[in-house]
Amino acid sequence: MSDIIFEERKDQIHVTGEGPFKLACNRDSLAGAVSQRACVFCGSRVVLYPIADALHLVHGPIGCAAYTWDIRGALSSGPELHRLSFSTDLQEKDVIFGGEKKLEAALTELIDRHEPKAAFVYSTCIVGIIGDDLAAVCKKVSAQKGIPVIPVQSEGFKGNKREGYLAACKAMFTLMGTGDTSDIPPISLNILGDFNLAGEIWIIREYFERMGIRVVANITGDGRVGDIAKAHGAALNVVQCSGSTMDLAKMMRETYGTPSVKVSYFGIEDMAEALYTVARFFKGLDPDMLARTQALVKEELAVLYPKLARFRQDLEGKKAAIYVGGAFKAFSLIKAFRHLGMSVVIAGSQTGTPEDYEELASICDPGTIIVDDANPLELSAFLKEKDVDIFVGGVKERPIAYKLGVGFCDHNHERKEALEGFVGMYNFALEVHRTVMSPVWRFVPRRAGKTLAAGISDLPKECSI
Amino acid sequence: MSATAVKPKTESFVSTTNACKLCKPLGATLVFKGIEGGVPYLHGSQGCATYMRRYIISHFREPMDIASSSLGEKQAIYGGGPNLKKGLLTVMDKYEAGMIGVATTCLTETIGDDVPGILKEFRKEFSDLDMAPVVNVATPSFSGTHMEGFTAAVRAVVDQLATGHAATKAVNCFPGFVSCEDIRHLKDVFDGFGLSATILPDYSETLDGPAVDEYEKITSGGTPVADIKAMGGAPASFEFGATLSDPGEAATAGGLLQSRFGVALHRLGLPIGLRQSDEFFKSLEAVSCMPTPRRHALERGRLLDAFVDGHKYVSQKRCVIYGEEDLIVGLTSFMAEIGVVPVLVAGGGKSGRLEKAVHAACEGLVPEMPEVADGVDFYDIADRARELAPDFFLGHSKGYRLARELSIPLIRVGFPIHDRFGGQRVRHLCYLGAQELLDRVVNAMIEKKQTDSDIGYGYI
């Protein structure tokens with residue numbers, strides 16, 4: 001395996017138990033190394049895109065908008081403006097003479113046509129270079145049209161996805177403090193960092209509602225501009241996917257004093273703990289909430305456990321690999337696999353922080369490969385070395401697994417199956433079971449070896465006809 | 001789109017909603033992926049490579065490694081040259097590339113990186129290394145579409161690698177952006193005429209490869225570099241595309257080989273449908289001095305038989321065709337032949353040659369010429385399609401929501417096919433491709449009739 005690891009990347013890979021834990025991360029991707037990472041624009045688009053009654057205009061050449069057209073499973077319970085792909089489609093003359101006029105005209109006509117509640121204008125690489133004054137155009141159109149028109153400083157080259165998250169948080173923060181909060185009860189919260197993939201936020205909202213809590217704003221899955229505008233009136237921010245929206249929670253804490261808690265809705269422990277954390281927070285206002293929450297969890301688990309036990313019979317001892325965008329999700333996945341009797345032998349992320357990786361290493365079994373910002377060569381070599389049964393990742397990882405004859409579970413923004421909550425744990429287990437137990441793996445070269453003669457020397461010495 | 005109430009567009013309309021095109025470098029990466037040992041390399045920021053990989057992977061369901069200069073803010077200001085050189089060394093070191101294809105992006109075009117100059121320096125600096133050929137193409141995303149990037153990359157490869165020293169027997173074929181199955185079929189067809197052909201690009205294996213035991217750093221298959229070098233000595237070139245620049249302008253690979261090395265050029269439309277396939281087979285007969293092999297003659301005969309058997313199901317059905325310009329010209333020609341009335345032919349490109357080519361394809365076969373629209377997006381297409389009320393769509397996956405809104409079938413062809421399985425194995429070309437497309441169109445019409453009927457006919 002060592003021959004495929006770039007000299008420059010050796011300190012971004014660690015095998016637990018082999019020496020003290022130390023992992024380099026938060027580093028620019030190595031040029032030429034086929035990183036699985038995206039860019040700043042991608043980060044901001046991921047976070048903001050599910051706000052369904054806003055216009056999302058990409059100011060740039062066509063690719064940035066075309067490649068992000070309705071590719072994710074973020075559902076809306078109402079408007080679906082986010083599923084359209086708007087672009088200024090910058091042309092050569094715009095690059096030479098500047099794209100501000102075109103941007104203004106595009107914004108004006110799109111706002112007239114769709115009457116959105118707000119507009120987000122995403123900057124791309126090229127706009128950063130030609131220096132269009134996005135803020136000035138947005139301000140002008142906002143004044144004309146009477147809706148918030150918000151520039152998102154997401155030039156692709158200005159770092160990696162994390163910078164995009166920050167740009168998105170800054171953009172959303174400008175909306176806050178403008179809505180009426182008078183009808184918000186004291187027991188209320190905002191859901192941050194959930195994208196309502198396959199309707200997941202609806203599952204989580206239902207849990208909170210059963211606990212007796214009002215959800216003020218979904219940030220950002222099934223999001224609405226009006227809800228975000230009054231989100232500062234909620235008593236608590238519950239932050240999942242902390243990489244993407246923790247910055248927003250921090251801004252809200254500094255300006256409005258809103259406290260926040262970090263949670264995950266994946267897997268049994270983390271889902272239950274998320275609900276208990278929130279119940280504990282409201283203990284002073286509602287002393288019975290904790291008991292109600294325990295009843296809720298018990299009720300859900302009574303349904304879930306027997307189903308999982310059946311999967312576990314088959315899956316005991318199988319091995320999994322995880323490579324996801326943020327490291328936080330990996331923690332939940334490791335625990336979820338343990339419930340299925342499976343071990344995780346590879347765990348990595350595109351954008352983990354030193355603290356993330358330390359935590360990751362501490363919960364992994366000895367011998368687990370921990371990797372930051374991997375590439376197809378490394379991932380494929382690790383899969384092979386560890387002889388895994390299933391790989392959990394996103395669309396760019398899927399063909400690597402399949403090509404090698406390894407099962408796969410899509411756990412990124414493109415998924416169409418809800419994986420959050422207790423029902424999500426069931427869906428996850430079902431998907432893992434379906435792929436790992438499929439008979440197709442016994443036929444792939446990894447398991448079956450060579451089945452046809454590769455040359456004359458493989459053939460029987462004497463032919464029967 | 002159904003859930004969003006929309007107002008009519010204004011005349012001074014400048015924005016794009018749901019593009020019917022992709023960006024220029026994407027086309028170039030596909031070409032480089034179709035060369036033996038080829039590694040596509042994007043000189044730009046990391047996101048471009050990742051987005052395009054994702055987009056291509058979703059269609060082919062195969063690994064598609066695209067290296068990137070991974071430019072950051074510093075390089076955007078001071079120039080991307082050092083990262084390009086570093087990236088090339090990285091690719092050579094770990095990938096053992098047989099060829100690296102460097103395409104620029106809007107970022108590097110705008111900051112003005114002189115890629116040919118940087119590559120020259122690179123070759124000089126590392127002249128002691130055993131280096132793979134590096135080809136470069138300028139693909140600024142702010143001018144043109146992925147098809148133009150594709151065509152430009154094919155031309156760049158030929159321009160920078162082909163020589164005319166030795167005569168060779170192999171003919172050249174530049175098929176354009178067709179499916180993996182199409183490329184495999186073309187090879188069979190050439191083979192049947194006793195012709196060995198250098199098809200550029202050939203991603204029939206690299207983007208539709210077998211299951212493997214070891215992950216291949218670079219997938220096997222692809223047009224051998226040595227064969228590309230020999231292209232200048234070929235007896236003839238076949239180049240498909242109805243909207244390409246005039247051959248005399250040398251703006252395409254075929255035109256360039258003709259003007260630089262005198263290689264005879266057979267410029268044809270994509271062989272989709274009966275007449276365009278006939279044209280291709282006639283050219284093959286002329287070049288090979290061989291009659292069309294019996295099996296293709298039989299394929300043609302069966303196709304004609306199917307034209308007759310199926311004609312009533314499709315006669316006077318109205319369709320909207322959209323996608324890449326050369327592809328939609330071919331599809332229009334085919335639909336017109338079987339009595340389908342193309343009512344709108346729409347593309348995101350702007351070659352300026354679409355209307356003429358569509359009219360030529362429909363001449364004498366349709367009651368009236370279809371509307372032809374270039375440089376359009378799906379907002380425009382939807383707008384017209386709602387009024388025209390077609391019976392079906394012929395195009396890629398991106399028309400699905402509109403087809404759903406209008407409750408009409410979408411017959412998926414071309415790229416991208418993101419919502420069905422096997423996009424890379426759809427055959428469009430020659431008699432067999434026509435046969436398969438015809439079967440799909442006829443069956444879609446039968447299925448629609450069946451679904452819409454209250455009776456539940458089991459015998460149609």
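Order of the sequence lines fixes the chain letters, A, B, ..., with proteins taken first and strands second; residue numbering starts at 1 for each chain.
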Legend entry - Heavy-atom proximity to chain A below 4.5 Å, by part of B:A49: neither
Inset, instruction - Would you mind checking which part of A:T124 comes under 4.5 Å of any heavy atom in chain B, side chain (CB onward), backbone (N, CA, C, O), both or neither? - result: neither
Legend entry - Carboxylate-amine/guanidinium proximity below 4.0 Å for A:D373 and A:R37: yes
Inset, instruction - Considering only heavy atoms and a distance below 4.5 Å, find which of B:S58, B:S143, B:A76 pairs most often with chain A. - result: B:A76
Inset, instruction - Flag the one option from A:L404, A:D89, A:L90 with the top tally of heavy-atom pairs under 4.5 Å to chain B. - result: A:L404
Inset, instruction - Answer with side chain, backbone, both or neither: which region of A:D94 has an atom nearer than 4.5 Å to a non-hydrogen atom of chain B? - result: neither
Legend entry - Between A:F157, A:Y402, A:F41, the one whose heavy-atom pairs under 4.5 Å with chain B are most numerous: A:F157
Inset, instruction - Side chain from CB out, backbone as N, CA, C, O: work out which of these in B:S69 comes under 4.5 Å of a heavy atom of chain A, or both, or neither. - result: backbone
Inset, instruction - Heavy-atom distances under 4.5 Å only: say whether B:T50 touches chain A with side chain, backbone, both or neither. - result: both
Inset, instruction - May I ask you to say whether B:D65 pairs ionically with B:K33, meaning some side-chain N is under 4.0 Å from a carboxylate O? - result: no
Legend entry - Leading residue by heavy atom contact count with chain A [cutoff under 4.5 Å; candidates B:V91, B:I100, B:L107, B:L88]: B:L107
Inset, instruction - Name the region of A:E414, side chain, backbone, both or neither, that has any atom closer than 4.5 Å to a heavy atom of chain B. - result: side chain
Inset, instruction - Report the C-alpha distance between B:F32 and B:Y41 in whole Å, list the side-chain angles of each, state the deciding distance to 0.1 Å, and finish with yes or no for side chain to side chain contact (heavy atoms under 4.5 Å, CB included). - result: CA-CA 9 Å; B:F32 298 140; B:Y41 184 110; over 6 Å; no
Legend entry - For B:D113 against B:G80, the heavy-atom pair lying closest together: OD2-N, 2.9 Å
Inset, instruction - Flag yes if more than 12 heavy atoms outside A:K101 fall under 6.0 Å of its NZ atom; otherwise flag no. - result: no
Inset, instruction - Decide, yes or no, whether a salt bridge links B:E62 with A:R398 under the criterion of side-chain N to carboxylate O below 4.0 Å. - result: no
Inset, instruction - Count the heavy-atom pairs under 4.5 Å between each of B:P416, B:G348, B:A67, B:G144 and chain A, then report the option with the highest count. - result: B:A67
Legend entry - B:K86 bridged to B:D93 by N-O distance under 4.0 Å: no
Legend entry - Note: B:K350-B:E325 ion pair, threshold 4.0 Å (strictly below): no
Legend entry - Top contributor to chain B contacts, counting heavy-atom pairs under 4.5 Å, from A:R446, A:R447, A:E155: A:R446
Inset, instruction - Identify whether the distance between the nearest side-chain nitrogen and carboxylate oxygen of A:K384 and B:D213 falls below 4.0 Å. - result: yes
Inset, instruction - Flag the one option from A:G159, A:C64, A:S35 with the top tally of heavy-atom pairs under 4.5 Å to chain B. - result: A:S35
Inset, instruction - Look at atom CG of A:D28 and say whether more than 12 heavy atoms of other residues, nucleotides or ligands are closer to it than 6.0 Å. - result: no
Legend entry - Interchain contact, A:I129 with chain B, by part (heavy-atom threshold 4.5 Å): side chain
Inset, instruction - Please flag which part of B:P63 lies under 4.5 Å from any non-hydrogen atom of chain A: side chain, backbone, both or neither. - result: both
Inset, instruction - Could you look at B:E214 and say if it's the side chain, the backbone, both or neither that has a heavy atom under 4.5 Å from chain A? - result: both
Legend entry - chain A contact via B:K85 - which portion, at a heavy-atom distance below 4.5 Å: neither
Legend entry - Which atom of B:G38 lies closest to which atom of B:P40, heavy atoms considered: O-CD, 3.9 Å
Inset, instruction - Would you mind checking if A:D112 and A:K145 are paired as a salt bridge, meaning a charged N to carboxylate O distance below 4.0 Å? - result: yes
Inset, instruction - Heavy-atom distances under 4.5 Å only: say whether B:S68 touches chain A with side chain, backbone, both or neither. - result: backbone
Legend entry - Top of B:P25, B:G209, B:G47 for chain A proximity - count of heavy-atom pairs under 4.5 angstrom: B:G47
Legend entry - Region of A:L110 in contact with chain B, defined by heavy-atom distances below 4.5 Å: side chain
Inset, instruction - Output the option from A:L379, A:T108, A:L377 having the highest count of non-hydrogen pairs under 4.5 Å with chain B. - result: A:L377
Legend entry - Segment of A:Q36 engaging chain B (4.5 angstrom heavy-atom cut-off): both
Inset, instruction - List the atom of B:C106, the atom of B:S141, and the distance in Å for their closest heavy-atom pair. - result: N-OG, 3.5 Å
Legend entry - Ion pair A:R9/A:E378, N-O distance below 4.0 Å: yes
Inset, instruction - Would you mind checking which part of A:F86 comes under 4.5 Å of any heavy atom in chain B, side chain (CB onward), backbone (N, CA, C, O), both or neither? - result: both
Legend entry - Portion of B:L71 that has a non-hydrogen atom of chain A nearer than 4.5 angstrom: backbone
Inset, instruction - Return yes when atom NZ of A:K102 has more than 12 non-hydrogen atoms of other residues, nucleotides or ligands closer than 6.0 Å, and no otherwise. - result: yes
Legend entry - Engaged part of A:V395 at the chain B interface, taking heavy atoms whose separation is under 4.5 Å: both
Legend entry - Part of A:L30 lying under 4.5 Å from any heavy atom of chain B: both
Inset, instruction - Heavy atoms only, distances under 4.5 angstrom: which of A:C39, A:A448, A:P445 has the most pairs with chain B? Name it, please. - result: A:P445
Inset, instruction - State whether the number of non-hydrogen atoms from other residues, nucleotides or ligands found under 6.0 Å of B:K217 atom NZ is greater than 12. - result: yes
